Enquirer: 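Here you go, one structure.
Chain letters run A, B, ... following the sequence lines, proteins first, then strands; residues in each count from 1. Just so you know, these numbers come straight off a predicted model, no measurement behind them.
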Amino acid sequence: MTATIALPLAILLPLVLGTAVAPLAARRARAAAVWTAAAVTAAAALILAAAAPPVLAGGAVQALWPWIPALGLNVALRLDGLGLLFAGLILAIGLLVILYAHYYLGSRDPAGKFFGLLMLFMAAMLGVVLADNLLLLVVFWELTSVASFLLIGYWSERAESRQGARMALAVTGAGGLALLAGVLLLGAAGGTFEISALAAARDRVQASPLFPVALALVLLGAFTKSAQFPFHFWLPEAMAAPTPVSAYLHSATMVKAGVFLLLRLYPVLGGNAPFEYAACTVGLVTMVFGAYVAIFRHDLKGLLAYSTISHLGLIVFLIGLDSPLSAVAAVFHVVNHATFKASLFMAAGIVDHECGTRDMRRINGLWRYMPYTATLAIVAAAAMAGVPLLNGFLSKEMFFAEALGMHHLGVLGAVAPYAATLGGAFGVAYSARFVHDVFFNGAPRGLPRTPHEPPRFMKVPVEILVVICIAVGVLPALTVGPVVDLAATAVLGGALPAHSLALWHGFNAPLALSMIATALGGALYWALARKYDLHLHAPSGWTARLLFTRALDGLFAASARLTSALDNGSLQRQLALLVTTAVGLGAVAFAAGGRLAGARALLPVTPLAAAAWLVLVAAALGVVRLHRTRLTAVILAGAIGLVSALGFAYFSAPDLALTQLAVEVVTTILLLLALAALPRTSPRESGPGRRARDLALAGLAGAGVAAIAFAAMTRERDSIAGYFLENAVPKGGGANVVNVILVDFRGFDTFGEITVLVIAALGVAALLTGMVTHRPATDPAGRPWSVQRVPLVFAAAVRWMLPFALLVSVYLFLRGHNAPGGGFIAALVVAAGIATVYMSEGFARTERAIALDYARVAALGVLVAAATGAGAIGFGRPFLASAHGHPALPPFGEVPLATAALFDLGVYLAVIGATLLMLVELARVPGRDAE
Amino acid sequence: MELLVAAALGLVTACAVYLMLRGRTFPVVLGLALLGYAVNFFIFVAGGLAVGAPPLVADGAAAYADPLPQALVLTAIVIGFGTTGFLLALALRARAATGSDHVDGEEPR
């Protein structure tokens with residue numbers, strides 16, 4: 001199978017098929033979900049195996065699709081030795097975990113959610129190890145964090161699950177952001193985001209001044225993901241996850257993503273002192289610290305979690321070391337740790353399942369109840385401790401050998417052998433505790449149920465992993481040797497030095513260290529258990545976890561204080577703050593200096609303009625002075641709107657003038673209708689201080705707007721107007737450029753706008769449906785409201801007027817493409833005309849006479865506009881592409897016709913419907929007065 | 001002329017802000033409507049003033065005003081009407097629900 005199909009398919013299978021089908025299958029039966037997940041996993045494994053032969057021959061295969069090439073983001077996938085090893089681990093252990101989970105999950109646990117999320121995680125992890133583009137890698141990296149969050153929080157009804165999930169997401173998510181920043185810097189330094197190309201440009205990248213920051217950020221991402229000290233604390237909290245998740249994510253795969261990243265980027269980042277010191281120091285500290293803490297954990301999974309932290313530290317240490325063999329050792333230990341730790345987690349899950357608790361102070365002496373499981377767990381624990389004939393022994397020996405050969409690292413090199421031995425001894429001690437406390441050490445204490453051997457097939461995954469531990473431990477060169485070499489070659493980017501993975505290298509210094517560590521660890525556990533009684537140990541003091549939660553609590557408290565300081569529940573105060581901020585920001589910009597007036601010549605003032613200006617000033621001042629008398633305020637605001645319409649007409653915008661005029665009419669009707677259901681006056685509430693403050697704020701805001709407007713009007717600027725003016729006739733088939741822009745060039749915007757308008761109208765209808773007002777039965781003077789008494793002359797005039805209004809509307813609509821007019825204006829004229837009829841003939845009568853559902857009219861308009869746009873797709877053109885022509889229609893001759901006119905018809909109907917819907921709904925309200 | 005227009009814009013904006021800072025819903029809606037006038041006109045004139053040059057393509061026309069801000073403002077005027085209507089409905093509903101037409105939903109103490 002070709003790589004271009006195989007690589008994306010291997011990711012897409014679990015990502016799409018797995019996440020979609022597994023939850024569906026789970027509705028039928030648990031087993032169906034298990035089989036779906038297993039089949040998808042196996043299929044992905046087979047696909048990768050089919051693409052693997054060139055990789056096994058020492059090469060690599062890749063697939064590339066441009067995604068956003070301008071940003072350097074491509075779907076670039078690459079399968080090399082390292083990717084193959086990790087993909088193999090992900091799929092093989094994934095398969096075992098799926099089988100195990102079948103027996104582990106309780107009958108009430110939702111299986112579809114579990115297997116769907118597991119598939120999502122598997123796809124994300126495969127994406128990480130197959131990505132050859134750093135940005136793509138980050139995308140998958142974040143997806144693993146999200147999937148991990150959801151899986152840790154699987155039992156979302158438990159507080160500890162939610163807390164653990166949140167903490168894991170906070171730490172690994174923050175690390176992911178650091179990684180993204182680091183990756184962007186690496187891309188800037190190397191000029192590409194393709195990992196293989198970056199490796200080729202390594203010298204250039206490392207010489208860049210950006211490199212130290214990029215290195216620190218990428219390391220931060222890797223260290224948080226792989227739970228390195230001091231970011232380790234999320235991993236023990238993540239043990240709230242179901243045990244299959246812990247076995248899969250938190251021992252074998254996700255926590256190895258950080259390690260994988262370091263291995264993958266070693267050709268780009270490695271081989272320099274900062275990298276070596278950072279990774280070796282952090283790794284060594286984590287290794288010793290994790291192993292030490294693990295001894296004192298009473299929770300079975302907690303012990304394993306700290307052990308995982310310790311082993312991850314060991315691997316990070318080996319990657320950091322600038323020695324070819326250390327890369328081999330690192331890769332080898334990745335495989336070994338995955339096998340023994342996954343089997344130990346599964347064994348811990350069996351123990352938890354059978355005993356109902358994971359507390360090692362209560363679980364004792366299980367050997368008598370489940371000798372078979374105990375044997376498996378003891379072998380795996382021995383591999384964890386590094387006992388000969390098991391895989392853990394081999395990689396630990398290599399680790400000791402590397403720790404002894406770090407003479408070039410000064411103090412760190414001198415300390416390393418001691419630290420390594422100490423860490424090894426702690427490792428032996430906690431492994432001893434695991435075996436002794438769980439399976440021996442007396443009898444169980446107060447277990448909720450009597451433990452016995454689990455179902456047969458629940459043990460199969462553990463058996464397989466333990467057999468691998470032994471096989472690799474005895475015959476390393478025949479089992480994983482070739483794959484480890486392939487992966488290490490991919491890391492180092494060249495031939496490996498001569499080495500042999502073998503059980504026996506003779507009596508040498510590493511073996512001596514190994515023996516010392518084993519003896520020391522055994523003695524330490526014996527001493528702790530006998531002299532100190534480990535079971536009484538209660539951890540105390542400062543921990544990284546505590547620091548983290550304190551910091552988070554502080555952050556929440558501080559933001560709550562800030563919010564309550566700014567927001568006391570008063571909307572006026574909020575708005576005043578907002579305006580103050582805007583004025584302040586504007587003032588900062590003005591303070592930067594520069595001339596206010598531009599170079600453009602000013603237009604002369606005409607007497608007509610001056611007169612209109614005076615009207616406007618009078619109306620504006622009047623509104624502020626008289627606004628408490630609401631009717632007066634509405635009339636004065638209408639005057640301002642009319643002057644604005646005059647302004648549009650004067651400054652060469654006839655379409656805007658017509659629109660403003662028509663909108664002015666319907667807006668005033670709207671305001672008057674609302675006023676009928678609201679108090680006629682506003683009370684005098686604000687004191688003089690408040691009024692002065694508001695006037696000052698308003699004055700400052702107005703002065704700012706005036707200054708900006710003046711500066712803008714007096715400056716020349718580039719405009720794209722030329723394009724529209726040139727192409728309106730040839731491409732849009734219309735001389736009214738504004739209308740052509742609305743219905744053709746920017747038709748999609750207009751489509752969005754009429755949709756918003758219709759939604760607003762439906763919102764009005766929804767808000768007012770069935771609403772009852774609290775209007776008094778009489779006006780303030782004690783007169784009852786008059787009902788439907790319309791002046792006769794008015795009614796008669798309107799009857800004559802309406803047909804003309806409709807005629808004018810049709811005229812405006814038809815000519816709109818070439819002269820001022822168009823759908824918006826024509827619709828507003830109709831709406832104003834019909835609104836007048838409501839007033840003159842009475843609401844109920846008009847309603848009976850017209851009997852139109854305005855919501856349907858509006859919806860029809862939007863549909864017509866959409867159908868016109870979609871019609872273009874039918875002709876193989878993009879949505880809303882227009883066509884026009886001049887077909888000959890026999891009696892009239894040549895008729896100009898554009899599809900845009902049909903779109904404008906949609907606009908027309910939508911605006912009529914929306915406007916009248918609002919007016920009618922508002923008009924209905926006072927008719928429902930409460931008695 | 002530019003000075004007159006700028007001053008008018010500033011004045012209407014100031015009126016709008018003052019009304020929006022009032023405590024009752026109706027003046028606030030009125031203020032928002034006035035702010036709509038100011039903003040629309042501001043966008044319209046930001047490209048510069050032109051007299052006697054409507055963007056209607058015709059033979060022999062010497063210059064055209066910029067049609068793009070006009071198209072933007074045309075829909076903005078209609079949508080401004082829509083938002084005014086929605087705000088009024090909100091104001092009515094709020095008064096029906098709380099018995100007060102104060103913006104905070106209760107009469108000031």
Enquirer: Does B/R24 use its side chain to pair, donor to acceptor, with the backbone of A/S682 at less than 3.5 Å?
Expert: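 Judged by distance alone, no pair lies under 3.5 Å.
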Enquirer: Given that the side chain runs from C-beta out, which part of B/V45 has a heavy atom under 4.5 Å from chain A: side chain, backbone, both or neither?
Expert: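 Both parts, backbone and side chain.
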Enquirer: Go through the atoms of A/A582 and report whether side chain, backbone, both or neither lie under 4.5 Å from a heavy atom of chain B.
Expert: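 Contact with chain B involves no heavy atom of A/A582 at all.
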Enquirer: For the interface with chain B, which of A/T915, A/L725, A/V758, A/I759 has the highest count of heavy-atom pairs at distances below 4.5 Å?
Expert: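 Top count of heavy-atom pairs under 4.5 Å with chain B: A/L725.
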Enquirer: Quick check on B/L3 against chain A: is it the side chain, the backbone, both or neither that has a heavy atom closer than 4.5 Å?
Expert: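 Contact with chain A: backbone and side chain both.
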Enquirer: Using modelled atom types only, decide if a donor and an acceptor are shared between the side chain of B/R95 and the backbone of A/A677 within a distance under 3.5 Å.
Expert: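 Checked: pair present.
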Enquirer: Side chains of B/R22 and A/D694: does their closest heavy-atom pair fall under 4.5 Å?
Expert: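 Result yes, sub-4.5 Å side-chain heavy-atom pair found.
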Enquirer: If I take atom CG from residue B/L88 and atom CG from residue A/L673, how far apart are they, to the nearest 0.5 angstrom?
Expert: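 It is 9.5 Å, given to the nearest 0.5 Å.
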Enquirer: What part of A/E664 gets closer than 4.5 Å to chain B, counting heavy atoms only: side chain, backbone, both or neither?
Expert: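 The answer is the side chain of A/E664.
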Enquirer: Less than 4.5 Å apart, side chain to side chain, heavy atoms only: is that true for A/L602 and B/M1?
Expert: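 A side-chain contact is absent here, since even the closest heavy-atom pair is not under 4.5 Å.
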Enquirer: Taking B/L74's backbone N and O only, do any of them form a donor-acceptor pair with A/D655's side chain (distance below 3.5 Å, no angle check)?
Expert: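 Side chain of A/D655 to backbone of B/L74: no pair is present.
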Enquirer: Write down the atom of A/V738, the atom of B/P55, and the distance for their closest heavy-atom approach.
Expert: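 Closest approach of A/V738 to B/P55: CG2-CG, 3.7 Å.
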Enquirer: Where does A/A653 contact chain B at under 4.5 Å (heavy atoms): side chain, backbone, both or neither?
Expert: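 Both parts, backbone and side chain.
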Enquirer: Flag the one option from B/A7, B/A8, B/A33 with the top tally of heavy-atom pairs under 4.5 Å to chain A.
Expert: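 If we count pairs closer than 4.5 Å to chain A, B/A8 comes out on top.
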Enquirer: Would you say B/E2 and A/L603 make side-chain contact, with heavy atoms under 4.5 Å?
Expert: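 Yes - at least one pair of side-chain heavy atoms lies under 4.5 Å apart.
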Enquirer: Is chain B contacted by the side chain of A/L828, its backbone, both, or neither, given a heavy-atom distance below 4.5 Å?
Expert: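 Side chain of A/L828 only, per the 4.5 Å heavy-atom cut-off to chain B.
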Enquirer: Side chain, backbone, both or neither: which part of A/R691 has a non-hydrogen atom closer than 4.5 Å to chain B?
Expert: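 Interface part for A/R691: both.
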Enquirer: Evaluate the side-chain proximity of B/F81 to A/L670: yes if any heavy-atom separation is below 4.5 Å, no if none is.
Expert: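 They are in contact (side-chain heavy atoms under 4.5 Å apart), so the answer is yes.
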Enquirer: Quick one: what part of A/I741 sits under 4.5 Å from any heavy atom of chain B, side chain, backbone, both or neither?
Expert: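 When you check distances to chain B, only side chain atoms of A/I741 fall under 4.5 Å.
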Enquirer: Look at A/L919, A/N739, A/V624 and state which one has the largest set of heavy-atom pairs under 4.5 Å with chain B.
Expert: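 Ranked by heavy-atom pairs under 4.5 Å with chain B, first place is A/V624.
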Enquirer: Sort out for me which of B/V28, B/V17, B/L49 touches chain A most, counting heavy-atom pairs under 4.5 Å.
Expert: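 Top option by heavy-atom pairs under 4.5 Å: B/L49.
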Enquirer: When rounded to the nearest 0.5 angstrom, what distance separates CD1 in B/I77 from CD1 in A/I825?
Expert: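 Reported to 0.5 Å precision, the distance equals 9.0 Å.
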Enquirer: Looking at side-chain heavy atoms only, is the closest gap between A/L697 and B/Y18 below 4.5 Å?
Expert: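 Counting from C-beta outward, A/L697 and B/Y18 never come under 4.5 Å.
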Enquirer: Tell me whether the rings of A/F651 and B/F44 are parallel (<30°), tilted (30 to 60°) or perpendicular (>60°).
Expert: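 The rings of A/F651 and B/F44 sit tilted, inter-plane angle from 30° to 60°.
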Enquirer: Sort out for me which of A/A610, A/A827, A/A597, A/A712 touches chain B most, counting heavy-atom pairs under 4.5 Å.
Expert: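 Top count of heavy-atom pairs under 4.5 Å with chain B: A/A712.
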Enquirer: I need the B/L30 CG to A/R630 CZ distance, nearest 0.5 Å.
Expert: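 One finds 9.5 Å between CG of B/L30 and CZ of A/R630.
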Enquirer: Looking at every non-hydrogen atom in both residues, tell me the closest pair between A/L768 and B/A89 and how far apart they are.
Expert: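 Smallest interatomic distance, heavy atoms only, reads CD2-O, 3.8 Å.
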Enquirer: Between B/T13, B/V39, B/L35, which is the residue that forms a side-chain contact (heavy atoms from CB on, under 4.5 Å) with A/V705?
Expert: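 Result: among B/T13, B/V39, B/L35, B/T13 is the only option passing the side-chain contact (heavy atoms from CB on, under 4.5 Å) with A/V705.
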Enquirer: Near A/R625 CZ, under 6.0 Å, is it more than 12 heavy atoms from other residues, nucleotides or ligands?
Expert: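 Atom CZ in A/R625 is not crowded, with 12 or fewer foreign heavy atoms closer than 6.0 Å.
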Enquirer: Under 4.0 Å between a side-chain nitrogen and a carboxylate oxygen: does that hold for A/R680 and B/D101?
Expert: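 Looking at B/D101 together with A/R680, the answer is no, because their closest N to O distance does not fall below 4.0 Å.
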Enquirer: For chain A, which of B/C15, B/G48, B/A46, B/A50 has the most heavy-atom pairs under 4.5 Å?
Expert: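 The answer is B/A50.
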Enquirer: Which atoms of A/I720 are under 4.5 Å from chain B, going by heavy atoms: the side chain, the backbone, both sets, or neither?
Expert: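 Just its side chain gets close to chain B.
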Enquirer: Against chain B, label A/A576 side chain, backbone, both or neither, depending on which of its atoms sit under 4.5 Å from a heavy atom there.
Expert: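 Both backbone and side chain of A/A576 come within 4.5 Å of chain B.
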Enquirer: List the steps and the verdict of side chain to side chain contact (heavy atoms under 4.5 Å, CB included) for B/V5 and A/W613.
Expert: CA-CA 8 Å; B/V5 174; A/W613 188 81; over 6 Å; no
Enquirer: Please flag which part of A/A819 lies under 4.5 Å from any non-hydrogen atom of chain B: side chain, backbone, both or neither.
Expert: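 Answer is backbone: N, CA, C or O of A/A819 sit under 4.5 Å from chain B.
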Enquirer: Below 4.5 Å, heavy-atom pairs only: which of B/G82, B/A91, B/A76 has the largest tally toward chain A?
Expert: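 Among B/G82, B/A91, B/A76, the one with the most close pairs to chain A is B/G82.
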Enquirer: Sequence neighbours left out, what pairs pass salt bridge (charged side-chain N to carboxylate O under 4.0 Å, His left out) with at least one residue falling in residues 47-63 of chain B?
Expert: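 Found none.
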Enquirer: Considering only heavy atoms, which portion of A/F824 lies under 4.5 Å from any heavy atom of chain B: side chain, backbone, both, or neither?
Expert: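 When you check distances to chain B, only side chain atoms of A/F824 fall under 4.5 Å.
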Enquirer: Which pair of heavy atoms, one from B/F41 and one from A/S644, lies closest together, and at what distance?
Expert: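 Heavy-atom minimum between the residues: CE1-O, 3.5 Å.
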Enquirer: Quick check for you: among B/L4, B/L68, B/L9, which has the greatest number of heavy-atom pairs under 4.5 Å with chain A?
Expert: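 So the answer, after comparing B/L4, B/L68, B/L9, is B/L4.
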Enquirer: A side-chain contact here means heavy atoms from C-beta on lying under 4.5 Å apart; do A/L922 and B/L92 qualify?
Expert: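 Yes, at least one pair of side-chain atoms sits under 4.5 Å.
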Enquirer: Non-hydrogen atoms of chain B under 4.5 Å away: do they reach the side chain of A/E753, the backbone, both or neither?
Expert: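 Both parts, heavy atoms under 4.5 Å.
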Enquirer: If you compare all heavy atoms of B/A6 against all heavy atoms of A/F710, which two are closest, and at what distance to 0.1 Å?
Expert: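 Looking at all heavy atoms of both residues, the closest pair is CB-CB, 3.8 Å.
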Enquirer: Could you list the residues that satisfy side chain to side chain donor-acceptor pair (under 3.5 Å) with A/Q574, not counting sequence neighbours?
Expert: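 A/Q574 satisfies side chain to side chain donor-acceptor pair (under 3.5 Å) with no other residue.
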Enquirer: Using a cut-off of under 4.5 Å for heavy-atom pairs, which of A/G704, A/P820, A/A711 has the most such pairs with chain B?
Expert: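 Between A/G704, A/P820, A/A711, the count favours A/P820.
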Enquirer: Between B/L72 and chain A, which part of the residue has a heavy atom less than 4.5 Å away: side chain, backbone, both or neither?
Expert: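 Contact with chain A is absent: no heavy atom of B/L72 under 4.5 Å.
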Enquirer: Within the 4.5 Å heavy-atom criterion, are A/I640 and B/Y37 side-chain neighbours or not?
Expert: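 Yes, close enough: below the 4.5 Å cut-off.
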Enquirer: With a 4.5 angstrom heavy-atom cut-off, could you sort out which part of A/V617 is near chain B: side chain, backbone, both or neither?
Expert: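 A/V617 touches chain B through backbone and side-chain heavy atoms alike.
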Enquirer: Do the side chain of A/S652 and the main chain of B/A65 share a donor and acceptor less than 3.5 angstrom apart?
Expert: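 No.
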Enquirer: First locate atom CG of A/L671, then atom OG1 of B/T84, and finally report the distance between them rounded to the nearest 0.5 Å.
Expert: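 Between atom CG of A/L671 and atom OG1 of B/T84 there are 7.0 Å.
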Enquirer: So which of A/V579, A/V643, A/L675 has the biggest tally of heavy-atom pairs under 4.5 Å with chain B?
Expert: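 If we count pairs closer than 4.5 Å to chain B, A/L675 comes out on top.
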Enquirer: For each of B/L21, B/L56, B/I79, tally heavy-atom pairs with chain A at distances under 4.5 Å, and name the one with the top tally.
Expert: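 Maximum pair count with chain A is reached by B/L21.
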Enquirer: Could you give the distance from OG1 (B/T83) to CG (A/L757), rounded to the nearest 0.5 Å?
Expert: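 Answer for the OG1-CG pair, B/T83 versus A/L757, is 9.0 Å.
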Enquirer: Would you say the side chain of B/V73 lies within less than 4.5 Å of the side chain of A/F648, judging by non-hydrogen atoms?
Expert: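 Counting from C-beta outward, A/F648 and B/V73 do come under 4.5 Å.
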Enquirer: Measuring from atom CG of A/L656 to atom CD of B/Q70, what distance do you get when rounded to the nearest 0.5 angstrom?
Expert: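 Going from the CG atom of A/L656 to the CD atom of B/Q70 covers 5.0 Å.
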Enquirer: I'd like to know which of A/T714, A/V666, A/T750 tops the heavy-atom pair count under 4.5 Å against chain B.
Expert: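 When all of A/T714, A/V666, A/T750 are compared, A/V666 has the most.
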